[in-house]
J.: 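Encoded as structure tokens, here's the structure I'll be asking about.
What you see is a predicted model; the values in this text were computed from it and never measured. So you know, we letter chains A, B, ... as the sequences are listed, proteins then strands, and number each from 1.
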There are 2 protein chains.
Amino acid sequence: MTTPHSACLHESGGFPDRKLLALLMADGRQSYAALGQQVELSTAATKRRVDRMRKEGVIRGFGADVNPAALGWSIEAFVEIYCNGQVPPKQMKEFAHAIPEVHDAYTITGEADGLLVVRCTDAAHLERVLGRIRDQHDVLRTRTAIVLSHL
Amino acid sequence: MTTPHSACLHESGGFPDRKLLALLMADGRQSYAALGQQVELSTAATKRRVDRMRKEGVIRGFGADVNPAALGWSIEAFVEIYCNGQVPPKQMKEFAHAIPEVHDAYTITGEADGLLVVRCTDAAHLERVLGRIRDQHDVLRTRTAIVLSHL
DNA sequence: ACTGAAAAAGTGGCCTG
DNA sequence: CAGGCCACTTTTTCAGT
């Protein structure tokens with residue numbers, strides 16, 4: 001579910017909202033006062049807009065961008081999974097949740113049925129995780145691409 | 001460059017740092033006071049730790065998690081690119097920067113040479129972007145997987 | 001929608017273990 | 001050093017216009 005309930009920014013007055021989103025994506029800890037100056041709105045008006053966008057699901061939340069290497073996750077890999085017959089997204093989700101090294105999971109078009117983003121501490125760890133993925137029911141095979149550089 | 005300068009959390013005293021990172025990843029707008037309570041540290045000590053982790057590059061920044069659909073990006077796709085000979089990451093980076101619909105770019109191991117994460121407004125838009133990617137020098141072909149669901 | 005006052009959060013100094 | 005404490009500034013929040 002990528003689109004929760006309401007979706008697109010209504011065109012009327014959508015301009016400050018878009019700018020607010022850009023500013024918040026660049027620095028999610030800015031004060032409402034600072035944001036307000038940049039969009040030429042009062043602090044209160046700025047906060048109301050941000051609160052509304054949060055309630056609408058336009059803003060899903062705020063997070064920190066943490067260097068994975070600093071936490072010991074030195075290897076990142078994309079793992080395509082090829083399944084037996086059709087695999088409902090629900091099942092994908094469940095088994096992705098069961099493996100903590102899986103940081104993102106998608107169902108996709110094309111040859112593969114799913115795509116996992118996996119983070120591991122080292123090659124041996126990745127090998128073990130791939131084994132666990134392949135041991136899941138209905139997973140026929142995997143195709144792994146290790147990230148060499150992130151641009 | 002995924003690892004800027006210093007990297008791993010020093011083990012001594014690394015515990016509150018890890019917890020802080022987890023808390024900040026879950027909600028990057030919490031106050032230092034609230035964070036401090038959860039790690040049983042004073043407000044000032046909490047801020048000092050967060051500031052240090054920012055300087056060290058452990059925390060790269062803070063951002064808002066924005067629903068792409070709300071901005072009109074209704075299609076997301078992974079595009080593998082297959083190149084002519086070897087392609088230096090620098091070149092990948094340059095051409096990825098040249099196409100604004102490319103939101104992430106990786107060089108990877110395996111059959112493909114690179115992987116792009118692309119966001120478009122609709123199928124026609126995606127088709128145009130794929131055309132532009134294929135028109136780049138040294139790009140032999142692409143292999144696209146459109147995201148059906150994000151788990 | 002703006003204003004201003006009260007409450008809360010951010011920031012830096014200083015001292016202790 | 002890293003942590004707690006304290007004073008000072010900025011920001012947020014909530015009244016009453």
J.: Should the pair A/His103 and A/Trp73 be assigned to parallel (<30°), tilted (30 to 60°) or perpendicular (>60°) ring geometry?
T.: perpendicular

J.: Report the distance from atom CZ of B/Arg49 to atom C1' of C/dT11, rounded to the nearest whole Å.
T.: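 Spelled out: CZ on B/Arg49 to C1' on C/dT11 is 18 Å.
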
J.: Would you indicate which nucleotide in C/dT11, D/dT11, D/dG3 comes nearest to any side-chain atom of B/Thr43?
T.: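 Minimum distance to the B/Thr43 side chain belongs to C/dT11.
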
J.: Hey, does the Lys NZ or Arg CZ of A/Arg29 hover above the aromatic six-ring of B/Tyr32, less than 6.0 Å from the centre and inside 45° of the axis?
T.: yes

J.: Quick one: B/Phe15 CZ to D/dA2 P, roughly how many Å, whole number?
T.: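 Nearest whole value for this atom pair: 18 Å.
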
J.: What integer distance in Å separates B/Arg54:CZ from C/dT11:P?
T.: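 After rounding, the gap between these two atoms is 10 Å.
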
J.: Taking the minimum atom-to-atom distance to the side chain of B/Ala44, which one of D/dT13, D/dC5, D/dG4 wins?
T.: D/dC5

J.: Where do B/Ser74 and B/Asp122 come nearest, in terms of heavy atoms and distance?
T.: OG-N, 4.3 Å

J.: Check ring-ring contact (aromatic ring centres under 6.0 Å, His included) between B/Phe78 and all other residues, then give those that pass, not counting sequence neighbours.
T.: A/Tyr106

J.: Considering just the side-chain nitrogens and oxygens of B/Lys47, establish if one lies under 4.0 Å of OP1 or OP2 belonging to C/dG10.
T.: no

J.: Which nucleotide, D/dC5, C/dC2, C/dG10, lies nearest any side-chain atom of B/Ser31?
T.: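 Among the listed nucleotides, the one closest to the side chain of B/Ser31 is C/dG10.
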
J.: Take the protein atom NZ of B/Lys55 and the nucleotide atom C1' of C/dT11, then report the distance between them rounded to whole Å.
T.: 14 Å

J.: Using whole Å, what does the distance between atom P of nucleotide D/dT10 and atom CZ of A/Arg29 come to?
T.: 18 Å

J.: B/Tyr32 has an atom OH; how far is it from atom P of D/dT11, in whole Å?
T.: 14 Å

J.: In whole Å, what is the span from the CD atom of B/Gln37 to the C1' atom of D/dG4?
T.: 15 Å

J.: In whole Å, what is the span from the CD atom of B/Glu56 to the P atom of D/dC1?
T.: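 Rounding to the nearest Å, CD of B/Glu56 and P of D/dC1 are 13 Å apart.
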
J.: Any idea which of C/dA1, D/dT12, D/dG3 is nearest the A/Arg48 side chain?
T.: C/dA1

